[in-house]
Amino acid sequence: MAIVTRKFESVQYNGTNGTYIANTWLTDMQLISDTGNLLTLGSGEDRYPVPNGWWVVRDSGATRLLTYCSPAEYASSWAPVMTATAALLSMGSAVVPSLLASASVAVAVPLSPAMPDTAYMASAVLTASASILASLAITSIVRTSGTVLTVTVQNTGLITLSGATAIATAVRVMST
């Protein structure tokens with residue numbers, strides 16, 4: 001079963017795009033007037049005054065006027081929907097060096113493939129035996145670059161520990 005929603009589109013009148021809104025973006029309206037401060041759309045005898053800064057919402061399938069509203073009403077009634085076109089996934093691992101009791105270390109985990117920038121979501125986990133993991137904690141994850149994620153690991157135990165690996169993942173959703 002798929003979850004679906006009806007597609008609506010919006011454009012904000014900015015004082016210079018009235019002709020585009022009336023003659024191109026909407027197919028059921030006529031441009032009555034455009035002063036730069038007020039766009040007046042018409043359909044038959046009906047008139048729709050759209051002040052500068054207001055939003056016009058259309059049914060995208062039919063490109064017909066659905067409503068127009070103030071910026072405040074638009075913000076409270078409409079939510080932009082992100083359309084994902086691609087998701088980039090990178091992973092990497094690095095050995096955590098031996099850690100003295102109560103010490104911490106920043107582990108540089110190389111990401112492959114490289115991310116285009118640092119605008120990605122990151123996570124990390126530690127792998128090791130249960131007895132070692134009980135005394136290790138990840139205290140921070142820093143997006144250092146598109147190729148490196150820095151994972152800070154702390155030994156919370158009372159003895160020197162070794163044998164852990166930091167595994168990191170990075171996901172970046174590209175949208176339109």
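Not measured: the values here are computed from a predicted model. Quick note: numbers below take in every heavy atom, side chains included, and nothing from hydrogens, waters or symmetry partners.
- Using a 4.5 Å heavy-atom cutoff, the side chains of Tyr13 and Leu38 are not in contact.
- Contact annotation: the side chain of Met115 approaches that of Leu88 to within less than 4.5 Å [non-hydrogen atoms, C-beta and beyond].
- Trp54 is linked by a ring pair (Phe, Tyr, Trp, His ring centres under 6.0 Å) to nothing, counting only residues two or more places apart in sequence or in another chain.
- Hydrophobic clustering, with ILVMFWY side chains joined whenever heavy atoms are under 4.5 angstrom apart, groups Leu41 together with Tyr20.
- How far CG of Leu161 is from CG of Asn155: 4.0 Å, rounded to the nearest 0.5 Å.
- The CZ atom of Arg58 sits 11.5 Å away from atom CG of Leu66, with the distance rounded to the nearest 0.5 Å.
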Quick one: do Trp25 and Val56 satisfy side-chain contact (heavy atoms from CB on, under 4.5 Å)? Show the steps, please. CA-CA 10 Å; Trp25 198 70; Val56 178; 3.7 Å; yes
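- The closest side-chain heavy-atom distance from Arg47 to Ile32 is below 4.5 Å.
- For the atom pair Ile167 CD1 and Leu126 CG, the distance stands at 8.5 Å (nearest 0.5 Å).
- Between Val50 and Thr40 there is no side-chain heavy-atom pair separated by less than 4.5 Å.
- Counting only heavy atoms from C-beta outward, the side chains of Val11 and Ile21 approach each other to under 4.5 Å.
- Taking each heavy atom of Val57 and Tyr74 in turn, the nearest pair found is CG2-CE1, 4.2 Å.
- Taking each heavy atom of Ala22 and Leu31 in turn, the nearest pair found is CB-CB, 3.6 Å.
- Ser43 contributes no side-chain N or O that, together with a main-chain N or O of Asp46, makes up a donor-acceptor pair within less than 3.5 Å.
- Arg143 contributes a side-chain N or O that, together with a main-chain N or O of Thr118, makes up a donor-acceptor pair within less than 3.5 Å.
- For the pair Ser93 and Thr165, the tightest heavy-atom approach, listed with the atom from each and the gap, is CB-CG2, 4.0 Å.
- Closest approach of Ala164 and Leu136 over heavy atoms only: CB-CD1, 3.5 Å.
- Using a 4.5 Å heavy-atom threshold, the side chains of Thr67 and Trp78 count as touching.
- Hydrophobic cluster membership differs between Tyr68 and Trp55, with clusters built from Ile, Leu, Val, Met, Phe, Trp and Tyr side chains linked at under 4.5 angstrom.
- At a cut-off of 3.5 Å, with distance as the only test, a side-chain donor of Thr16 or Asn14 sits close to an acceptor on the other residue.
- Contact detail for Leu111 and Ser90: the closest heavy-atom pair is CB-CB, 4.0 Å.
- The two atoms that bring Gln12 and Asn17 nearest to each other are O-ND2, 3.0 Å, heavy atoms only.
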Name each donor-acceptor pair under 3.5 Å that joins a side chain in residues 97-109 to protein atoms two or more places apart or in another chain, with its distance.
none

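- Remark: Arg172 pairs with Asp117 by the salt bridge (Lys or Arg N to Asp or Glu O under 4.0 Å) rule, at least two apart or across chains.
- With Ser76 contributing its side chain and Glu73 its backbone, the two residues share a donor-acceptor pair below 3.5 Å.
- A single hydrophobic cluster is not seen to contain both Ile132 and Leu158; linkage of ILVMFWY side chains at heavy-atom distances under 4.5 Å, directly or through other members, places them apart.
- The side-chain contact (heavy atoms from CB on, under 4.5 Å) test with Tyr120 is passed by exactly one of Leu149, Leu89, Val171: Leu149.
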Full working for side-chain hydrogen bond (donor to acceptor under 3.5 Å, both in side chains) between Thr139 and Thr152: CA-CA 6 Å; Thr139 58; Thr152 302; 4.6 Å; no
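- Asn23 places no side-chain N or O within donor-acceptor distance of the main-chain N or O of Gln30, the cut-off being under 3.5 Å.
- Two different hydrophobic clusters hold Ile138 and Val142 under the rule that ILVMFWY side chains link at heavy-atom gaps under 4.5 Å.
- Residues Leu39 and Tyr48 form no side-chain contact, since every pair of their non-hydrogen atoms from C-beta on lies 4.5 Å or further apart.
- Linking Ile, Leu, Val, Met, Phe, Trp and Tyr whenever their side-chain heavy atoms come within less than 4.5 Å leaves Val148 and Met121 in two separate clusters.
- Using modelled atom types, one side-chain atom of Thr156 and one backbone atom of Ser135 make a donor-acceptor pair closer than 3.5 Å.
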